[in-house]
Amino acid sequence: MLWPGCWALWAALAAVDDIVDSRTKHPAERAAGLQAWVSALDAELAAGTSTDMVRRALVDTIVRWGLDVADLRSSFQVLAGDVHPAPLLTWDDWRARSRGTDTAWARQILILLDRAGVDMSFALRHGEAISRFLDGVQLIDDLADLAEDLGERPLKIPAEVLDRFPGAAEDLPQRRWTMPVQGVLAYLVSMARHWVDQPTLGVGWHPGPAILLATTSRVFLARLDAITAAGSGLLYATPEPGPITQWRLLAPARIRIALAWKLTTLSGPPAARPLPAPPGPAGPPRGQVLPPRLRADGVRAPQIAADRLPRHVAIIMDGNGRWAEQRGLPRPEGHRVGIEAVHDVVHGALEIGLSHLTLYAFSTENWKRDAGEVTRLFAMLDEELRSTPYLDHGVRLRWLGYPDRLPWELVQTLRRNETASRDERTLTLTLCVNYGGRAEILHGAAAVARSVLAGDLDPEQITEGEFARRLPLPDLPDVDLLWRTGAEQRTSNFLPWHATYAELFFTTSLWPDVDRRDLWVAVAEYARRRRRYGAATAADLRANGNEPGKS
């Protein structure tokens, strides 16, 4: 029952990847070929069938199992970027490319298994470890394909890695087997091995996925051994394990996995699912963004000097439930109106020129609320995010929080939005969903401990920067202004690491009554404050009778 769907997803990804990576066609031809393939898929999804063998299998799988077409469309956008690849500057750039393709398709297989009746709760608990494993698989693929990629496109190695080994960026394209090149490759091999070799990752899983994961790990570790043994030959050919090694790894696994599925009772595909919706309006051309929606009453953002604007505003959106109760409405109605308030505030942030906005949507403590209210809130949030809001306005959507206990569909929607908007730069909007500040710090501490145990980090050299790089969103800047609505005056476990030096601003308005003008008031108040960070300013010295520079 599952084989056709899994093979259809694999074949479709391979077909699209082959179009993008074709060495015999001009980049413009590859881009046109990919667009034609995707456009044909959209048309065939509306009809429910296709004359192309691979797309017919994919259409059947999507319709039969109700898979998320938007997630796959996002991966096509990432693959399209490989036609004219931009240089990879950091590991974050590399991960965005990797996770935007392989991880998007892996998610669909996990969803397929879930809908077939396999308990996939482990995928939520171990989501980041699974992503790291897939990163390792992708990195080994990149190393194996190094000989083909040299000289044809920007290197798939982040610049931050090449910078650690001066001379490697010049030597690699010339296929010179120098010490810097050997240093880069040894570093990447070590990193890939660390990501792929996770012996405890499959513990407690359903036997089918667990055996698949363990076997994939052994196969890719064998590929890594072949890469290491190739030496300078890696710059000229693609090394692979020999047929005996492959047989030794795969033959026993096939027997075990066949037995595991034979002993598993599966449910059939969900019945009577509607055809997937066609893609929405095209929006602005790629690279262009729409301006923020302005207020109909003509009120415009105040003029505040750029050096007085906060870089990062974080908001605790308090008072949705109380707003509804004051009006005799069900509490979920307050959340619905609160989402409308978010719309106006986001456009207000765009209008005034903020670069980072973080919203506290659901805390780990909010699970104490009525189950019906929580369920309705998640349904509204999922519905809101499925339309990839603000994407046409250049907003990058990110998620900070933990998947445990969240609905599977909401987790997929949050991750899909991150992939779809990863290249946007006008405003970074971070949604904190199932987030707790102390848990975030524990996450960072555990990551530091693992690095120390692995020998990658000297405990005597641990700095604030090293710790921050191991938080779930390592590039999230410190909070400049933390604003809470609803008349409460506490920070409620919200961004404790990032908000250490934040200016605090509390207002009495309940969140559904808020609009962009309230944001502008908060920002204007921030601009009037003097930030000292523990130091005395010139104005402070004059107030105490001392001139700057005098004792």
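Keep in mind the model is a prediction, meaning the values are calculated, not measured.
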Looking at [X] and [Y], would you say the former's side chain and the latter's main chain have a donor-acceptor pair under 3.5 Å?
| X | Y | result |
| --- | --- | --- |
| T508 | A487 | no |
| W399 | V433 | yes |
| R311 | D480 | no |
| R107 | Q412 | no |

Taking every non-hydrogen atom, the tightest pair across [X] and [Y]:
| X | Y | value |
| --- | --- | --- |
| A468 | W497 | CB-NE1, 4.0 Å |
| P496 | I441 | CG-CD1, 3.9 Å |
| L309 | I352 | CD1-O, 3.5 Å |
| L481 | A522 | CD2-O, 3.6 Å |
| S509 | V514 | CB-CG2, 4.1 Å |

Q. Hey, what's the ring geometry for W195 with W91, parallel, tilted or perpendicular (30° and 60° as the breaks)?
A.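 Perpendicular: the ring planes of W195 and W91 meet at over 60°.
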
Q: For the pair H443 and Y402, name the ring-plane relationship: parallel under 30°, tilted 30 to 60°, perpendicular over 60°.
A: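 The arrangement is tilted - the two ring planes meet at 30° to 60°.
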
Q. Taking atom CZ of R438 as the centre, does the number of heavy atoms from other residues, nucleotides or ligands within less than 6.0 Å exceed 12?
A.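 It does not: R438 CZ has 12 such atoms or fewer within range.
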
Q) Are W367 and F378 close enough that their ring centres sit under 6.0 Å apart? A)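 Yes, close enough.
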
Q) Below 4.0 angstrom, N of the basic side chain to O of the carboxylate: do R415 and E418 qualify? A)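 Salt bridge between R415 and E418, a charged N being under 4.0 Å from a carboxylate O: no.
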
Q | Identified salt bridge (Lys or Arg N to Asp or Glu O under 4.0 Å) partner of E351 from the options R516, R295, R517 | A |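 It is R516; the other options fail the test.
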
Q) Atom CG in D141, atom NZ in K156: separation rounded to 0.5 Å? A)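 Between D141 CG and K156 NZ, I get 8.5 Å after rounding to 0.5 Å.
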
